[in-house]
Amino acid sequence: GINAEYGKQWYQRRVREAVVSTQSTGTKPPFRYLHDIISEVTKATGFLDGLFDESEKLSAAIKDKDAKIAYLQKAIDAVGFVIGSPLSARPSKIIAGQEAEKTNDFLQYLGRCAAKGADAEVVKKVKKGEKPSKKSESSKDKSKEKKGKEEAGKGKSKERDSSKGRSKREQSSSKER
């Protein structure tokens, strides 16, 4: 309804502001800012809902570097699952204030993924410790596609097997000469 639409508009503005902030200054946003964006995106869209423990829901409770890295890694992995490949953003570099451009990329992908809404399967995978790979988004579709190509390739390879690897077309054209 109206509240859901308002929430989506709000998070889109917020992510855009974060992206503009990192682009214009070339500096990293503080962890709390990233935490606030991720939290608000989750509230507004349901994306990443259930991913974080109660202790991770308050930015003030995440004080040490390892906890901050673990928090960001969960969000980065979830986004990677949705887009179908791992992100190049590294939480340790984000926390250290390096790779502002990759932080920006992460925020843009976060916005795109959040627009799709909640994904309980992604949350389950990340909580199990799974990592996104290049085949994660539609591995079933890709495996079907690959199988189809292999089957199509079998027919061609049978034609080539005859007469020392030449195709039937090549054989007939050499006989005509």
Side-chain angles (χ1 to χ4, degrees), residues 3-142:
N3 287 339
E5 187 59 33
Y6 174 77
K8 284 184 178 182
Q9 290 173 359
W10 183 90
Y11 94 80
Q12 287 172 337
R13 279 194 311 272
R14 186 75 188 254
V15 169
R16 241 189 328 268
E17 289 168 6
V19 168
V20 169
S21 168
T22 59
Q23 282 178 337
S24 62
T25 62
T27 61
K28 68 146 184 155
F31 175 78
R32 179 171 177 156
Y33 186 64
L34 292 173
H35 186 280
D36 288 350
I37 289 172
I38 293 167
S39 297
E40 292 301 324
V41 163
T42 301
K43 285 179 193 171
T45 66
F47 182 66
L48 305 180
D49 194 31
L51 181 62
F52 302 107
D53 300 332
E54 287 301 315
S55 63
E56 294 172 310
K57 290 183 180 179
L58 295 172
S59 61
I62 305 174
K63 296 187 185 277
D64 69 337
K65 183 179 177 179
D66 291 338
K68 291 176 182 180
I69 289 171
Y71 178 87
L72 287 176
Q73 188 65 61
K74 285 181 182 180
I76 290 169
D77 287 346
V79 168
F81 274 117
V82 175
I83 67 168
S85 65
L87 294 178
S88 60
R90 295 178 290 181
S92 59
K93 296 290 185 179
I94 292 172
I95 299 299
Q98 301 168 353
E99 299 182 346
E101 190 172 305
K102 290 181 181 179
T103 303
N104 181 32
D105 291 343
F106 161 65
L107 291 170
Q108 289 182 37
Y109 282 122
L110 175 67
R112 289 183 197 136
C113 294
K116 295 177 182 182
D119 192 332
E121 287 302 310
V122 166
V123 169
K124 286 179 189 175
K125 287 179 181 180
V126 174
K127 284 191 144 200
K128 284 183 191 174
E130 293 180 34
K131 297 289 182 188
S133 66
K134 298 230 181 245
K135 297 179 182 178
S136 67
E137 186 174 336
S138 58
S139 57
K140 290 178 185 174
D141 293 341
K142 289 182 182 178

To the nearest 0.5 Å, tell me how far Lys124 NZ sits from Glu130 CD. 11.5 Å
Applying side-chain contact (heavy atoms from CB on, under 4.5 Å), run through Tyr109 and Val82 and close with a yes or a no. CA-CA 9 Å; Tyr109 282 122; Val82 175; over 6 Å; no
How close do Phe52 and Ala75 get, heavy atom to heavy atom, and via which atoms? CZ-CB, 4.2 Å
Test item: Asp53 side-chain N/O and Glu56 main-chain N/O as donor-acceptor pair under 3.5 Å: no
Is there a side-chain contact between Leu34 and Tyr71 (heavy atoms, below 4.5 Å)? no
One should read off an interatomic distance between Phe106 CZ and Ile94 CD1, to the nearest 0.5 angstrom, of 6.5 Å
Taking all atoms of both residues into account, what is the closest heavy-atom pair of Ile83 and Cys113, and its distance? CG2-SG, 3.7 Å
Shortest non-hydrogen separation from Ser59 to Asp36 and the atoms involved: OG-OD1, 4.3 Å
Heavy-atom side-chain contact between Asp119 and Lys125 under 4.5 Å: no
Euclidean distance, Ile76 CD1 relative to Lys102 NZ, rounded to 0.5 Å: 11.0 Å
Pro91 and Gln73: which non-hydrogen atoms are nearest, and at how many Å? CG-OE1, 3.1 Å
Separation between NZ (Lys43) and CG (Leu48), nearest 0.5 Å, reads 13.5 Å
Note: Pro86 and Pro132 closest approach over all heavy atoms is CG-O, 3.6 Å
Between the CG atom in Leu110 and the OG1 atom in Thr45, the distance rounded to the nearest 0.5 Å is 8.0 Å
Going through the checks in order, is the side-chain contact (heavy atoms from CB on, under 4.5 Å) test met by Thr42 and Leu51? CA-CA 10 Å; Thr42 301; Leu51 181 62; over 6 Å; no
Drop me the distance from Ile95's CD1 to Asp66's CG, to the nearest 0.5 angstrom. 10.0 Å
Shortest non-hydrogen contact between Ala61 and Ser55, atoms and distance: CB-O, 3.3 Å
